[in-house]
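Report on one structure; see the data block that follows.
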Amino acid sequence: MSGGAVASIPEGLLDGGVWFRVEAAATASAVRRAAERLATELGLPERKIGDLSIVAAEAAGNLVKHADQGVLLVRPVRAAGQAGVELVAVDSGPGMADLARSVGDGHSTVGTLGIGLGAIVRQAGWCDLHSVPGKGTVLAAQVWPADPPEPTWAAGLTRPLTGEPVSGDAFAVREVDGRRQILMCDGLGHGGLAAAAATEAVRVFYETPAGDPSALVEALHRRLNHTRGAALAVAELDGKAGLVRYAGLGNIAGTVLGPDGGRRGMVSLPGIAGHQRRQIRQYDYPLEPGAVVVMHSDGVVDRWNPADYPGLLTHAPVVIAATALRDAGVRRDDAGVIVARLP
């Protein structure tokens with residue numbers, strides 16, 4: 001593997017962010033303050049912090065007014081030499097039957113001015129929204145210090161076990177030597193030691209020279225031997241060849257979702273990266289134009305069916321990931337999911 005390029009290691013190796021359960025106005029205010037504080041730390045200009053304040057207040061306020069089991073993630077995002085702030089608002093109902101009308105100013109179901117979603121779209125540098133009546137809404141919005149970069153081709157989310165301050169699940173995305181690769185990792189157990197194993201896996205993933213997924217998993221297995229160990233998998237999306245190359249150890253689920261509704265599972269072999277493996281094998285799967293690759297830990301169950309969410313697979317990877325985490329994530333374990341789709 002010598003001689004290949006190495007992906008740059010992002011500042012803030014695991015920018016997992018903070019989840020807020022938003023059920024009252026006081027929590028909505030806490031979300032706004034947290035977003036402003038993060039923006040200040042990242043060095044966003046004052047005008048952009050003002051935009052972010054509006055986005056955070058409206059997103060959290062909508063959860064208070066309309067949502068069931070509303071939660072909101074505040075985290076940094078980094079791309080094209082910039083650092084911005086991303087908000088991901090998720091709820092389980094009632095959803096919006098007419099999304100275009102709901103985004104337009106003047107529409108309200110609770111007697112307000114009806115400008116909240118419109119304000120979010122105007123003030124955010126980038127925004128995506130998906131809603132299904134009876135299932136709920138996912139909103140992702142980003143505010144950047146300058147012009148927003150091109151939307152990312154892959155994004156993930158993690159959520160710790162209820163009561164734990166950190167998650168033992170982690171994900172990573174890299175482009176090196178023209179190869180687009182993603183990692184999903186589940187540190188053994190939960191809590192600080194699991195998070196340490198996952199953090200080390202992400203670091204090794206970025207530091208290892210370009211190579212096939214099987215070679216990356218082999219390197220991860222060798223270099224995690226001082227940690228608790230982890231289940232992990234690496235996928236490479238090759239649009240020119242029309243393939244997903246995949247290698248995994250342990251209980252990571254990988255699926256290719258076709259644009260026609262087809263679903264193909266990918267094979268991870270038994271083992272614990274860092275401690276126990278019989279073999280590491282790589283498998284190739286067809287990747288049609290418009291197909292979506294989803295990988296998740298065992299904190300996300302497979303009962304989630306994209307066919308129940310019309311149009312979802314055309315939305316941004318972070319919106320797809322948030323939908324899966326909301327409806328298939330379990331509270332008795334760390335949960336993590338990463339979604340990728342080639343541009």
Side-chain angles (χ1 to χ4, degrees), residues 12 15-77 83-96 102-103 105-125 127-131 135-143 157-167 318-319 321-323 325-327 329-332 334-335:
D15 286 332
V18 178
W19 288 97
F20 293 84
R21 189 178 184 94
V22 185
E23 296 177 329
T27 310
S29 297
V31 167
R32 176 182 53 77
R33 291 193 298 270
E36 292 171 346
R37 193 159 53 245
L38 176 58
T40 301
E41 292 172 0
L42 294 173
L44 268 68
E46 216 170 289
R47 179 175 63 85
K48 293 295 185 179
I49 295 176
D51 291 343
L52 177 65
S53 181
I54 293 171
V55 172
E58 294 294 348
N62 281 342
L63 291 179
V64 173
K65 297 184 189 84
H66 306 289
D68 295 331
Q69 302 175 32
V71 294
L72 195 151
L73 173 68
V74 180
R75 68 176 177 181
V77 283
V85 177
E86 181 174 62
L87 307 177
V88 182
V90 183
D91 73 77
S92 299
M96 290 176 270
S102 297
V103 171
D105 290 345
H107 175 72
S108 174
T109 59
V110 293
T112 63
L113 293 176
I115 61 173
L117 285 176
I120 292 171
V121 172
R122 286 190 294 272
Q123 305 304 132
C127 181
D128 193 17
L129 175 68
H130 184 262
S131 188
K135 291 187 177 294
T137 301
V138 172
L139 166 73
Q142 298 172 353
V143 175
L157 294 167
T158 62
R159 184 183 67 202
L161 169 73
T162 301
E164 288 286 352
V166 294
S167 175
V318 67
V319 171
T323 302
L325 189 63
R326 177 192 66 193
D327 291 348
V330 299
R331 291 291 180 179
R332 61 182 180 276
D334 299 325

Could you tell me whether a side-chain N or O of Asp334 sits under 3.5 Å from a main-chain N or O of Pro160, the two making a donor and an acceptor?
no

Nearest heavy atoms of Ala89 and Leu63, plus distance in Å:
CB-CD1, 4.1 Å

Rounded distance [0.5 Å steps], CZ in Arg122 versus CD1 in Ile54
9.0 Å

Do you know which two heavy atoms are closest between Arg326 and Gly136, and how far apart they sit?
NH1-C, 3.5 Å

Yes or no on side-chain contact (heavy atoms from CB on, under 4.5 Å) for Asn62 and Leu117, after CA distance, side-chain angles and deciding distance?
CA-CA 8 Å; Asn62 281 342; Leu117 285 176; 3.7 Å; yes

Please name the pair of heavy atoms, one in Cys127 and one in Leu139, separated by the smallest distance, quoted to 0.1 Å.
SG-CD1, 3.4 Å

The reported gap from CD in Glu58 to NZ in Lys65 (rounded to nearest 0.5 angstrom) is 6.5 Å

Could you list the donor-acceptor pairs under 3.5 angstrom formed between side-chain atoms of residues 38-53 and any protein atom two or more places apart in sequence or on another chain?
residue, atom, partner, partner atom, Å
Thr40, OG1, Glu36, O, 2.9
Asp51, OD1, Gln123, NE2, 2.7
Ser53, OG, Glu36, OE2, 2.7

Would you name the heavy atoms of Val330 and Ala335 that are closest together and state the gap between them?
O-CB, 4.4 Å

Looking at Val71, Leu72, Leu325, which one forms a side-chain contact (heavy atoms from CB on, under 4.5 Å) with Val90?
Val71

Which atom names give the shortest non-hydrogen contact between Val319 and Ala140, and what distance separates them?
CG2-CB, 4.1 Å

Once rounded to the nearest 0.5 Å, what's the spacing between atom NZ of Lys135 and atom OG1 of Thr137?
12.5 Å

Test of understanding: with salt bridge (charged side-chain N to carboxylate O under 4.0 Å, His left out), list the residues that count as partners of Arg21, not counting sequence neighbours.
Glu23

Gap separating the OG1 atom of Thr27 from the CZ atom of Arg32, nearest 0.5 angstrom:
12.5 Å

Which heavy atom in Val55 sits nearest to a heavy atom in Ala141, and how many Å separate them?
CG1-CB, 3.9 Å

Drop me the distance from Phe20's CZ to Leu87's CG, to the nearest 0.5 angstrom.
10.0 Å

